[in-house]
Amino acid sequence: MGPMQETPLPVLVHVCVTCRREGDDPEAPRQGSRLRDALVGLLPDGMTLQPVECLGNCKRSCTVALSAQGSWTYVFGDLTAESGPDVVTGARLLAHSTDGLMPWRGRPEPFKRSMIARIPPIQPLKDAAE
Ligand code: FES
């Protein structure tokens, strides 16, 4: 593992609350909304939970996007209402990144299989530190 970020980056966790999974009961609360509810009690201090309606990944829902100032933004799909602990693990990895990238090692399995995109930062962490 590379050097750890001493002060964790404040990670912003966007959760699509309108995501549902194929076969879900249309009358039941949406899985994305249930995932958001689960994260309310799981996210550590310093991280922000931001519900959002659609991240453009509806076919592979549920979807979250993890970002921080200077870091890459990671979009993950194929999640469920039960993915809260995996989202927290991924967010912690990003929070401790020194280069703005989420390390592969330590990622929960769904985050290895179901990365939809990683989007470059507007101003990379390394430049910001110079
Ligand atoms: S409804 Fe969740 S990504 Fe579109």
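Read the numbers this way: they start at 1 and go in the same order the structure lists the ligands and their atoms.
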**Asked** I122, L101: one ILVMFWY side-chain cluster at the under-4.5 Å cut-off?
**Response** no
**Request:** Using the rule that two of Ile, Leu, Val, Met, Phe, Trp, Tyr join whenever any of their side-chain heavy atoms come within less than 4.5 Å, decide whether L39 and M102 are in one cluster.
**Result:** yes
**Complete:** In D78, T63, N57, the residue satisfying side chain to side chain donor-acceptor pair (under 3.5 Å) with S114 is D78
**Item:** Heavy-atom pair of closest approach, residues S61 and C19
**Value:** CB-SG, 3.0 Å
**Complete:** Counting only protein N/O/S atoms, those under 2.8 Å from atom 2 (Fe) of ligand 1 total 2
**Asked** Among S83, C62, P29, which residue meets the side-chain contact (heavy atoms from CB on, under 4.5 Å) test with R34?
**Response** P29
**Item:** Under 4.5 Å side-chain linkage, directly or through intermediates, the cluster mates of I116
**Value:** V75, I119
